[in-house]
Each structure stands twice: as structure tokens, then as C-alpha cells.
Amino acid sequence: MNDEQLLRYSRHILLDEIGIEGQQRLVNAKALIVGAGGLGSPAALYLAAAGVGRITLADGDQVDLTNLQRQILHTQERIGQPKALSGKMALAHINPEVRVEAINSRLAGDALAALVADADVVLDCCDNFATRHAVNRQCVRQRTPLVSGAAIRFAGQLAVFDSRRAGAPCYSCLFPEADDVEEERCAVMGVFAPLTGIIGAMQAAEALKLIAGAGEVVLGRLWLLDGLSMDWRSVNFGQDPQCPVCASGDVK
């Protein structure tokens with residue numbers, strides 16, 4: 001790091017748990033953020049501000065007026081623009097040193113596999129189970145840590161999955177894939193604006209801890225937030241021995 005970087009990141013460097021070595025790991029790191037909406041917005045802003053060297057921001061949607069209530073990456077002037085490109089512009093204003101790759105499409109197949117393989121950490125900030133399960137399968141296959149968040153109405157949740165650790169559960173252990181799952185969308189159900197900021201910021205915190213090697217992440221625990229009462233509760237879970245994704249060792 002040069003003198004300007006040492007000054008920019010000095011408050012991280014002053015933390016014994018991060019220090020110069022941990023901050024250098026952040027500067028050298030590559031993060032993939034799937035979704036540039038309510039969760040991806042605060043997550044991306046904090047990763048960029050913290051100096052994560054390369055951020056890939058993937059989202060196939062465009063900025064809509066209804067997004068602006070909670071998706072703080074975007075502005076009224078960028079309505080109609082691809083969210084990934086709008087997000088890239090926002091991150092450049094926060095930290096021009098960070099390299100941001102904008103992908104204006106929903107990730108799947110070989111493209112998703114290549115990006116997960118190239119990332120040090122993946123943040124699942126999307127809004128549909130099909131993408132969540134596809135991302136999880138690739139993270140298990142590539143042994144890439146996954147930070148998953150969700151927010152709907154006043155309810156938020158957060159979990160971390162790390163297939164580098166023997167016997168670690170994956171997203172499918174907690175939420176098995178099924179054809180009859182009913183999606184809950186913000187467009188129909190609504191979402192409390194600050195809730196996405198809380199969960200997205202926590203996703204950023206867990207991702208930064210994973211990269212820097214600081215503290216303990218929430219492995220094997222699902223954090224649940226009731227935004228109306230501000231009550232948190234934690235549910236422990238383990239690997240499902242019948243999980244078709246991670247237990248068999250044959251990821252499809």
C-alpha cells in the first residue's frame with residue numbers, strides 16, 4: 001500500500017485484529033456481489049469504502065423509481081439505467097481505487113461458475129431462490145465462502161457458508177431446493193427500507209472478516225431479525241447428511 005492508502009485505511013490498520021496485513025488482504029481481494037438492490041447496495045458501498053480491491057457487481061435489472069426507497073446505490077437521475085452500471089458509478093465516487101466490474105445480466109451457467117471460481121468471497125444479495133441455489137452450488141463446487149442475506153417486510157436473516165471447512169453446511173442444507181417454493185417479492189409484500197441496510201451492512205461485515213481473517217463469522221448459525229421489535233435470535237444448524245449439494249461430494 002502507498003502512503004495515501006495507509007491514510008485512507010488507517011482506522012482499519014489501527015485495529016489489532018486487522019492491522020496492515022489484514023488491510024493488505026482486503027486491497028488484494030476479489031468479491032462477487034450477486035444483486036445490486038436493497039442488500040447489494042449497502043454491501044457494495046462498505047466493501048468499496050473498506051478497500052476491497054476488485055468488486056464484481058452483477059444484476060440484470062434496471063433502476064426503477066420504486067427502488068429508490070431502499071436501494072441506496074442508485075439515484076433518481078439514473079432511473080432506467082442498468083443497476084450494475086449505476087452501482088459502478090456510485091462506487092467510483094466512494095473509492096476510485098477499487099476496480100468494479102459491472103455485469104448487466106442474471107448470472108447462471110458457465111458465467112456464474114467462472115466468476116465464483118475467481119472470487120475470494122461471494123455475497124448473495126439476490127431476491128429469488130433459483131439464483132440463490134445456483135450460487136450456492138457453485139460456491140460449494142469452487143470452495144468459495146458465501147455470505148447470504150435476505151429481507152422482506154420487517155424480517156431479515158443472515159448466514160455464512162464456507163465449504164473450505166470439513167463438514168460445513170451449505171445454503172441447501174438450511175433451505176432445500178424445491179419446485180413448489182412460493183417466492184416472496186418486495187413488489188408484492190413490501191420491505192422496510194432500513195432493514196435492507198442493516199442486513200446488507202452485516203453481509204459486508206462478514207465478508208470483510210472472512211477476507212481479513214478477523215474474528216469469527218456466523219458459520220452454522222442463522223441470524224433472524226424482527227425489525228418491528230428489533231429482536232435478534234440465532235438458530236444453530238449443521239450439515240444435512242442427505243444434502244444433494246454438499247454431503248455427497250458430487251455437486252451438480
Side-chain angles (χ1 to χ4, degrees), residues 31 33-35 37-40 42-43 46 70 116 121-141 143-186 188-211 213-249 251:
I33 302 176
V34 183
L39 299 174
Y46 273 114
R70 66 200 177 281
V116 171
V121 64
V122 176
L123 288 78
D124 173 11
C125 301
C126 72
D127 63 355
N128 67 90
F129 282 114
T131 300
R132 290 185 185 276
H133 282 289
V135 169
N136 176 66
R137 285 192 295 272
Q138 290 302 329
C139 285
V140 172
R141 177 179 288 124
R143 297 170 63 84
T144 304
L146 171 64
V147 182
S148 177
I152 193 74
R153 295 190 289 265
F154 288 91
Q157 65 184 37
L158 174 81
V160 176
F161 308 93
D162 192 348
S163 295
R164 299 173 300 180
R165 308 194 187 195
C170 75
Y171 181 84
S172 186
C173 294
L174 185 61
F175 300 107
E177 193 167 5
D179 294 332
D180 59 350
V181 173
E182 184 176 350
E183 298 276 11
E184 292 187 330
R185 300 298 185 108
C186 295
V188 178
M189 301 293 183
V191 62
F192 186 47
L195 179 69
T196 60
I198 295 168
I199 301 299
M202 291 181 68
Q203 286 184 264
E206 294 299 284
L208 293 172
K209 285 159 57 183
L210 278 165
I211 296 168
E216 293 293 330
V217 296
V218 291
L219 289 172
R221 289 180 288 160
L222 175 66
W223 277 100
L224 301 166
L225 170 63
D226 180 341
L228 281 175
S229 62
M230 276 301 163
D231 285 332
W232 287 94
R233 62 189 179 97
S234 176
V235 178
N236 294 330
F237 64 96
Q239 187 181 52
D240 178 358
Q242 304 301 317
C243 178
V245 177
C246 69
S248 66
V251 185

- request: Decide yes or no on side chain to side chain contact (heavy atoms under 4.5 Å, CB included) for M230 and I198, but give the supporting numbers first.
  value: CA-CA 11 Å; M230 276 301 163; I198 295 168; 3.8 Å; yes
field: For S163, all residues meeting side chain to side chain contact (heavy atoms under 4.5 Å, CB included), sequence neighbours excluded
entry: V140
query: Counting only N and O atoms by type, is there a donor-acceptor contact under 3.5 Å from the side chain of N236 to the main-chain atoms of G238?
result: no
- prompt: Mind checking what makes side chain to side chain contact (heavy atoms under 4.5 Å, CB included) contact with A150, not counting sequence neighbours?
  reply: R132, Q157
task: Taking all heavy atoms of T196 and all of A151, pick out the closest pair and write down the distance.
output: CG2-CB, 4.1 Å
field: Value rounded to 0.5 Å, distance of CD in E206 from OG in S148
entry: 12.0 Å
query: To the nearest 0.5 Å, how far apart are CD in Q138 and CG in L146?
result: 11.5 Å
query: Looking at side-chain heavy atoms only, is the closest gap between I152 and L195 below 4.5 Å?
result: no
message: Can you pull out every side-chain hydrogen bond (donor to acceptor under 3.5 Å, both in side chains) where at least one residue sits in residues 216-232? Sequence neighbours excluded, please.
response: D226-S229, S229-D231
- line: Of all heavy-atom pairs linking L123 and A43, the shortest is CD2-CB, 3.8 Å
- line: Taken in chain and number order and not counting sequence neighbours, the residues that satisfy ring-ring contact (aromatic ring centres under 6.0 Å, His included) with F175 are Y171
field: Heavy-atom side-chain proximity of C246 to C173 below 4.5 angstrom
entry: yes
query: Got a sec, which residues hit side chain to side chain donor-acceptor pair (under 3.5 Å) with R233, two or more places apart in sequence or on another chain?
result: none
- prompt: Taking atom SG of C170 and atom CG of N136, what is their separation to the nearest 0.5 Å?
  reply: 4.0 Å
field: Straight-line distance of I33 CD1 to D124 CG, nearest 0.5 Å
entry: 11.5 Å
statement: For T144 and V116, the nearest pair of non-hydrogen atoms, with its separation, is OG1-O, 3.2 Å
query: Taking the side chain as C-beta and beyond, is there a heavy-atom pair between C139 and F161 under 4.5 Å?
result: no
- prompt: Where is the tightest heavy-atom contact between L39 and G149, given as atom of each residue plus distance?
  reply: CD1-O, 3.4 Å
- prompt: So which pairs with a foot in residues 159-172 pass salt bridge (Lys or Arg N to Asp or Glu O under 4.0 Å), sequence neighbours left out?
  reply: D162-R164, D162-R165
